[in-house]
There are 2 protein chains.
Amino acid sequence: MSNGLPMKGKRTDLSGVHCAIARSLEIVGDWWSLLIIRDAFRGHKRFGEFHKSLGLAKNILSARLKKLVDAQILSVEADAESASHRYVLTPKGESLHPILVALWQWGEEHCFEGDELKFVMADAVQGKALLKMQPTSQDGRVLRPRDVRLLPRNAAAISHASRESIGRRKTGATRS
Amino acid sequence: MSNGLPMKGKRTDLSGVHCAIARSLEIVGDWWSLLIIRDAFRGHKRFGEFHKSLGLAKNILSARLKKLVDAQILSVEADAESASHRYVLTPKGESLHPILVALWQWGEEHCFEGDELKFVMADAVQGKALLKMQPTSQDGRVLRPRDVRLLPRNAAAISHASRESIGRRKTGATRS
DNA sequence: CTGTATCCTTAAAGATACTG
DNA sequence: CAGTATCTTTAAGGATACAG
């Protein structure tokens, strides 16, 4: 973090900044990209599907799809028959899933009045709502914002242990 | 989900849509809001701090702060002495933390070349990197995108059990 | 030092027509 | 149906001057 912001150049170029959040937003932080990606997770693949679902202008959709392909979030598969393409999520694109889930969960909690909320994100197998995603330490404590810091890369254990690799959690967790 | 998109009206109004992601983005999905919120998590409180850190025009910063206050993500505390305000995160604002962490983790993994990455998000107590946040079922299985579905609200258990409330996980987890 | 008000520029978004 | 090419609109972003 700490601003080595480049600035200057209509609409502020955030690439080059140390902050990973800014870098992510640079790629995926505009009006439509995340919604397109959401639709891709829903299984949409063709131009027309995105277009119908999102209702945005075709030129914009076209531009966004290109941008996402350039960023290697989507890849294109030519479709011989229909002279069309299929846009499918790459692994890099698939790894955006936690961001969408986090957005969904926040919206679910804060952006609906009374009975407006019609759907919940659920485990497809058991049909139960997901756990709320929360920042968690390697030993399984849920961390409040103030318990999370940015540390110089070398000072901290870099490996992101996957949830599988940790033993059962031991300490009392901080309450959210 | 499934588009009851309202549309029409320069820059497409997403409120009113069933999709919680769209609703979240409506509030927080623009160029600057999430960066302002990031700074708020960093402890920034005053106009000038945000301004210096972000380098955006003051009128825009002003507008964004207002918008975030209206959305009850920030609250304003008048500061008698300095004739200034302090902008502090409300609980609703604090609950955006998982979104920022998810963005950070994705950016960390995908938006840096070689040695560019200088900081990692770490547990302040132990100084170790956080677990990667991943969608998880109530019994602790990490879920791949295709294992997550939107279900009608009533069909799924609505409560978001907190991580504390579940027993130790039992089944082999799906590998990411 | 905090912010607001004003003006100007530009690029993002929409509409529509058009090509394969 | 899938996309590209133009044209127009408009609001977001920047610069700067100004007020409490």
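In what follows, chains are A, B, ... by sequence order, proteins preceding strands, each numbered from 1. Below, all heavy atoms of this structure are taken into account, side chains as well, without hydrogens, waters or symmetry copies.
For D:dG3, the OP1/OP2 oxygens have a side-chain nitrogen or oxygen of A:Tyr87 closer than 4.0 Å. In this model, the phosphate group of D:dA2 is approached by a side-chain N or O of A:Arg46 to a distance below 4.0 Å at OP1 or OP2. Contact annotation: B:Lys66 side-chain N/O to C:dT4 OP1/OP2 distance is under 4.0 Å. For A:Arg64 and C:dA12, the shortest distance from a side-chain N or O to OP1 or OP2 is not below 4.0 Å. A:Ser62 has no side-chain polar atom (N or O) that falls below the 4.0 Å cut-off from OP1 or OP2 of D:dG3.
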Check your understanding: Taking it one step at a time, do A:Arg86 and A:Glu49 satisfy salt bridge (charged side-chain N to carboxylate O under 4.0 Å, His left out)?
Key -> CA-CA 10 Å; A:Arg86 295 177 167 267; A:Glu49 293 180 291; 6.0 Å; no
Point to revise | Pair B:Asn59-B:Ser62, side chain to side chain donor-acceptor pair (under 3.5 Å): steps then yes or no | key: CA-CA 5 Å; B:Asn59 52 351; B:Ser62 180; over 6 Å; no
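Closest to the A:Leu56 side chain, of the nucleotides D:dT4, C:dG14, C:dG3, is C:dG14. The nucleotide whose nearest atom lies closest to any side-chain atom of A:His85 is, among D:dG14, C:dA12, D:dG3, D:dG3. The side chain of A:Ala57 approaches C:dA15 more closely than any other nucleotide in the set C:dA15, C:dG3, C:dA17. With distances taken from any side-chain atom of B:Lys58 to the nucleotides C:dA13, C:dT4, D:dA2, the minimum falls on C:dT4.
Per the geometry, CZ belonging to A:Arg86 stands 11 Å off P belonging to D:dG3, to the nearest Å. One atom, CD1 of B:Ile60, and another, C1' of C:dT4, lie 14 Å apart when rounded to the nearest Å. Rounded to whole Å, atom C1' of C:dA12 lies 14 Å from atom CG of B:Asp30. Remark: P of C:dG3 and CG of B:Leu74 are 12 Å apart, rounded to the nearest angstrom. If you measure from atom CD1 of A:Ile36 to atom P of D:dG3, you get 12 Å, rounded to the nearest angstrom. If you take CZ of A:Phe47 and P of D:dT4, they are 7 Å apart, rounded to a whole angstrom. Atom NE2 in B:His44 sits roughly 17 Å away from atom C1' in C:dC1 (whole-Å rounding). Between the CG atom of A:Leu61 and the P atom of D:dG3 there is a distance of 9 Å, rounded to whole Å.
Of all the heavy atoms in A:Glu94 and B:Pro145, the pair that sits closest is OE1-CG, 3.7 Å. A pairwise comparison of heavy atoms in A:Asp123 and A:Leu130 identifies N-CD2, 3.5 Å as the closest pair. Closest of all the heavy-atom pairs between A:Met121 and A:Val101 is SD-CG2, 3.8 Å.
The aromatic rings of B:Phe41 and B:His97 sit tilted relative to each other, their planes meeting at an angle between 30° and 60°. Between B:His85 and B:Tyr87, the ring planes lie perpendicular to each other; the angle is over 60°, past the 30° to 60° tilted range.
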Which atoms of nucleotides 6-8 of chain D (N or O only) lie under 3.5 Å from a protein N or O atom, and what are those distances?
{"residue": "D:dT6", "atom": "O4", "partner": "A:Asn59", "partner atom": "ND2", "Å": "3.0"}

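Here A:Arg141 does not pair with A:Asp147 in a salt bridge; the nearest charged N to carboxylate O distance is not below 4.0 Å. Salt bridge present: B:Glu109 and B:Lys132 bring a charged side-chain N and a carboxylate O closer than 4.0 Å.
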Practice item. Can you run through DNA chain C from 5' to 3' and write each base as (, ), [, ], | or . depending on how it pairs? Watson-Crick or G-U wobble, both distances under 3.5 Å. Key: |.||||||||||||||||||
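Between A:Ser24 and B:Trp104, the side chains place no donor N or O within less than 3.5 Å of an acceptor N or O (distance only, hydrogens not considered).
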